[in-house]
Amino acid sequence: QARLVESGGGSVQAGGSLKLSCAASGYMYPYCLTWFRQAPGKEREGVAVIRGATTTYTDSVKGRFTISNDNAKDILYLEMNSLKFEDTAIYYCAISQQPGCHSHFFEPPWYDTWGQGTQVTVSS
């Protein structure tokens, strides 16, 4: 049974920083490790993905967010800097064990396992 648990969310003022963590267990073949987010009234969107040496970010967070992982501890991180009000959302980590996920990084149906989410709230 694959399982993901996010932590590190909270409330910050605009311009502040947060670092999210995602502890993974029970997975078999994590081809893609990705952070998604969902704001109120909006669809879930991909934020950042790491697969081997490759990292990819959605345009709205480039230069502000950094994704990384600790393979020894099976932890995925998302460092968020210069936070904006529009970054307010529930953030989810997800794993895809489907070989084709490298061509579908930010497409939720390609992901097999999801965490419960952690709330990030940014005040103007």
Side-chain angles (χ1 to χ4, degrees):
Q1 295 182 342
R3 180 173 294 180
L4 301 174
V5 179
E6 302 97 334
S7 62
S11 298
V12 298
Q13 292 187 334
S17 299
L18 284 173
K19 187 173 184 178
L20 308 182
S21 299
C22 172
S25 63
Y27 60 90
M28 297 293 181
Y29 305 103
Y31 285 92
C32 300
L33 305 173
T34 303
W35 285 98
F36 289 83
R37 67 185 181 186
Q38 188 164 21
K42 297 184 178 180
E43 295 184 349
R44 190 167 299 184
E45 66 169 343
V47 176
V49 60
I50 185 167
R51 183 178 184 273
T54 300
T55 59
T56 303
Y57 301 89
T58 192
D59 287 343
S60 64
V61 308
K62 287 181 179 178
R64 299 190 297 119
F65 291 11
T66 302
I67 188 171
S68 62
N69 66 282
D70 184 335
N71 289 328
K73 297 181 179 180
D74 288 340
I75 300 176
L76 181 69
Y77 299 101
L78 185 67
E79 176 72 30
M80 305 183 294
N81 299 309
S82 301
L83 283 162
K84 304 175 180 179
F85 176 76
E86 50 264 42
D87 294 318
T88 296
I90 299 174
Y91 284 71
Y92 301 88
C93 59
I95 292 177
S96 176
Q97 299 177 175
Q98 302 176 30
C101 69
H102 62 277
S103 297
H104 305 273
F105 281 146
F106 295 152
E107 298 178 32
W110 282 78
Y111 287 78
D112 306 288
T113 304
W114 295 80
Q116 83 288 349
T118 185
Q119 177 71 49
V120 172
T121 302
V122 184
S123 301
S124 300

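Because only heavy atoms are used, hydrogens play no part in the values below, and waters and symmetry mates are left out as well, while side chains stay in.
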Going by the side-chain contact (heavy atoms from CB on, under 4.5 Å) test, name the single residue among Ile67, Val47, Val49 that passes it with Tyr57. Ile67

How far apart are the closest heavy atoms of Ala2 and Thr113, and which atoms are they? CB-OG1, 3.3 Å

Output every pair passing side-chain hydrogen bond (donor to acceptor under 3.5 Å, both in side chains) with a member in residues 35-45, not counting sequence neighbours, ordered by first then second residue. Arg37-Glu45, Arg37-Ser60, Arg37-Asp87, Arg37-Tyr91, Gln38-Arg44

Under 4.5 Å between side-chain heavy atoms, hopping through other hydrophobics if needed: is there a path connecting Val120 to Leu4? yes

Report yes if the side chains of Leu83 and Phe65 come closer than 4.5 Å at any heavy-atom pair, otherwise no. yes

Least distance between heavy atoms, Pro99 atom then His102 atom: O-ND1, 2.9 Å

Return the CZ to CG distance between Arg51 and Asn69, rounded to the nearest 0.5 Å. 13.0 Å

Interatomic distance, OG@Ser68 vs CG@Leu78, rounded to 0.5 Å, equals 8.5 Å

How long is the gap from CD1 on Ile75 to CG on Leu33, to the nearest 0.5 Å? 12.5 Å

Validation row: Leu20, Glu6 side chains within 4.5 angstrom (heavy atoms): no

So how far is it from Thr55 OG1 to Phe105 CZ, rounded to the nearest 0.5 Å? 9.5 Å

Of the non-hydrogen atoms in Ser96 and Cys101, which two are nearest, and what is the gap between them? OG-CB, 3.2 Å

Drop me the distance from Cys32's SG to Gln98's CD, to the nearest 0.5 angstrom. 9.0 Å

When rounded to the nearest 0.5 Å, the distance separating CZ of Phe36 from CZ of Phe106 is 7.5 Å

Lys84 versus Val122: any side-chain heavy-atom pair under 4.5 Å? no

Can you find a pair of side-chain heavy atoms, one from Gln116 and one from Val5, that are under 4.5 Å apart? yes

Closest heavy-atom pair, Ser82 versus Ser17, reported as atoms and distance to 0.1 Å, is N-OG, 4.3 Å

Pairing residues for Tyr111 by the side chain to side chain donor-acceptor pair (under 3.5 Å) criterion, not counting sequence neighbours: Thr34

Can you name the nearest heavy-atom pair linking Ile95 to Ala24, along with the distance? CD1-CB, 4.1 Å

Enumerate the residue pairs fulfilling salt bridge (charged side-chain N to carboxylate O under 4.0 Å, His left out) with a member in residues 70-80, sequence neighbours excluded, ordered by first and then second residue. none

State plainly whether one hydrophobic cluster holds both Ile90 and Val61, where clusters connect Ile, Leu, Val, Met, Phe, Trp and Tyr through side-chain heavy atoms under 4.5 angstrom apart. no

